[in-house]
2 protein chains.
Amino acid sequence: MTPAPPATPAPTPDGMGVQPVPPRRLAELPSWLLSRAAGVGAGVVGEALAAHGVRRHHFSVLHALAEGGAVSQAELGRRLGLDRSDLHVVLGELEASGLVERSPDVHDRRRNSVDITEPGRARLVELDAAVDSAQRTLLARLDDAERAEFRRLLVVLLGDSIPAPAE
Amino acid sequence: MTPAPPATPAPTPDGMGVQPVPPRRLAELPSWLLSRAAGVGAGVVGEALAAHGVRRHHFSVLHALAEGGAVSQAELGRRLGLDRSDLHVVLGELEASGLVERSPDVHDRRRNSVDITEPGRARLVELDAAVDSAQRTLLARLDDAERAEFRRLLVVLLGDSIPAPAE
DNA sequence: TCCTGATCGTTGGTGACACCAACGTTGGTG
DNA sequence: CACCAACGTTGGTGTCACCAACGATCAGGA
């Protein structure tokens, strides 16, 4: 297929506005498309969250705590696929904002028990709405059936590499 | 929707090996799944390329040049959705490796005409093989029909936001 | 009991990638 | 000529992923 058109012999004044076309080979690569789509997704979601003063990791942490209750930092990192060191910073910021609480674990003094606060839950409600809106923006070009199938394929593709790609 | 299951009352000894489970809410978010999948893709592709001494941007640039012929740096950036400044670095590395050539544009002295070299084309053959292999790894859990549909959905989702999400 | 190894939180660093601001140079236009 | 746009370049910021090391703590076996 594609007998390889001998490279645009067209003059292509280079600067003009035919609109930029990526190399065909890249536009066919699943990994490239995936990276682009993820970039768009991170953009719209990040923007939506930034309007409420948080980043994506903060949102993830708040949800993990809201759903799973108080856990240690290490366990939190395991569930979200986040490195302990990165989590340390995120938790510091969340704690400074009063959205989470860190308290020493009475059963194991190595651990910090982290939990979401009431202000954290309140903030999470706003964030959820913003993120849902961002999802709609992201998936705007897909109909309902396509959205469902898209999500299904992503889940299948990821398989057990959720949440931590690292072995 | 989602009447909010009252948070796992299960004790969950926290440290134990049930395998980390991300919050349900996140596992349903298309943007989150997308980000994860893109991370996995970037991982396998990046690893494959690193074995040949290049990163993903180098691969993109080489392909753009191989398909489109010599172009200016700015036009290259437009086609690939890369910032001029980032491209500057990438081109410097590629030129140092002898895979591309920069020469002043005779018709417009502002521009550099960038083209791929013969060693560049040779390297690209290796890179293509490695990247194809990485795609197979990435899509291993999807059958042929699913892979086609997955790619189609990505293209539809991206719409005209290829290659530059930035307006 | 003591020793050993694993886990915890913390600190500090690296690399890839996206994006932005500014500069001097050059081209095109009024 | 004066002006603005585009070019390549330099230098910076922010997000995210990942890694190495430290002291403190816990659990298990000798």
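Naming convention: chains lettered A, B, ... in sequence-line order (proteins, then strands); numbering from 1 in each chain.
At a threshold of 4.5 Å between non-hydrogen side-chain atoms, the residues A:Leu157 and B:Arg141 do not count as touching. A:Phe150 is listed as a side-chain neighbour of B:Leu34, based on a closest heavy-atom distance under 4.5 Å. Between A:Leu99 and A:Ile116, every side-chain heavy-atom pair lies at or beyond the 4.5 Å cut-off. Contact of the B:His63 side chain with the B:Asp128 side chain is registered, since non-hydrogen atoms from C-beta on lie closer than 4.5 Å.
Of the side-chain N and O atoms in A:His88, one or more sit less than 4.0 angstrom from OP1 or OP2 of C:dT10. An OP1 or OP2 oxygen of C:dT10 is reached within less than 4.0 angstrom by a side-chain nitrogen or oxygen of A:Gln73. Residue A:Arg109 places at least one side-chain N or O under 4.0 Å from the OP1 or OP2 atom of D:dC26.
At distances below 3.5 Å, not a single donor-acceptor pair connects side-chain atoms of B:Ser35 with backbone N or O atoms of B:Ser31. A distance-only check finds no donor-acceptor pair linking the side chain of B:Ser113 to the backbone of B:Ser103 [under 3.5 Å]. A donor-acceptor pair is defined here as one N or O able to donate and one able to accept, closer than 3.5 Å; such a pair exists between the side chain of B:Asp83 and the backbone of B:Ser85. A donor-acceptor pair under 3.5 Å is formed between the side chain of B:His58 and the backbone N or O of B:Arg55.
Rounded to whole angstrom, the span from the CZ atom of A:Arg110 across to the C1' atom of C:dG5 amounts to 11 Å. Spacing between atom CZ of B:Arg111 and atom P of C:dG24 amounts to 22 Å, rounded to whole angstrom units. The distance between atom CG of A:Leu91 and atom P of C:dT11, rounded to the nearest whole Å, is 13 Å. Atom P of nucleotide D:dG8 and atom CG of B:Asp108 are separated by 8 Å, given to the nearest angstrom. With rounding to whole Å, B:Glu47 atom CD is found 17 Å from D:dA17 atom P.
Comparing atom distances between the B:Asn112 side chain and each of D:dT9, C:dG9, C:dT10 picks out D:dT9 as nearest.
If you check D:dA24 for Watson-Crick or wobble pairing at under 3.5 angstrom, you find it paired to C:dT7. Across all strands shown, the partner of C:dG28 is D:dC3, judged by Watson-Crick or G-U wobble contacts whose two distances both fall under 3.5 Å.
The closest side-chain donor-acceptor pair between B:Gln73 and B:Arg102 falls under 3.5 angstrom.
Interface residues of residues 48-57 of chain A facing DNA chain D, ordered by number: A:Arg55, A:Arg56, A:His57; criterion, heavy-atom separation under 4.0 Å.
Residue A:Asp86 is the one, among B:Leu82 and A:Asp86, whose nearest nucleotide of DNA chain C lies closer to the 5' end (criterion: closest heavy atom). Both A:Arg102 and A:Ser35 lie close to DNA chain C; mapped to their nearest nucleotides by heavy-atom distance, the more 5′-ward contact belongs to A:Arg102.
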Below 3.5 Å between N/O atoms, which protein atoms pair up with nucleotides 20-23 of chain D? Just atom names and distances, please.
none

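The number of heavy-atom neighbours closer than 6.0 Å to CD of A:Glu47, taken from other residues, nucleotides and ligands shown, is 12 or below.
Residue contacts shown for A:Leu87 are absent, as no nucleic acid heavy atom lies under 4.0 Å away. Residue A:Asp105 is classed as having no contact, given no heavy-atom separation below 4.0 Å to the nucleic acid.
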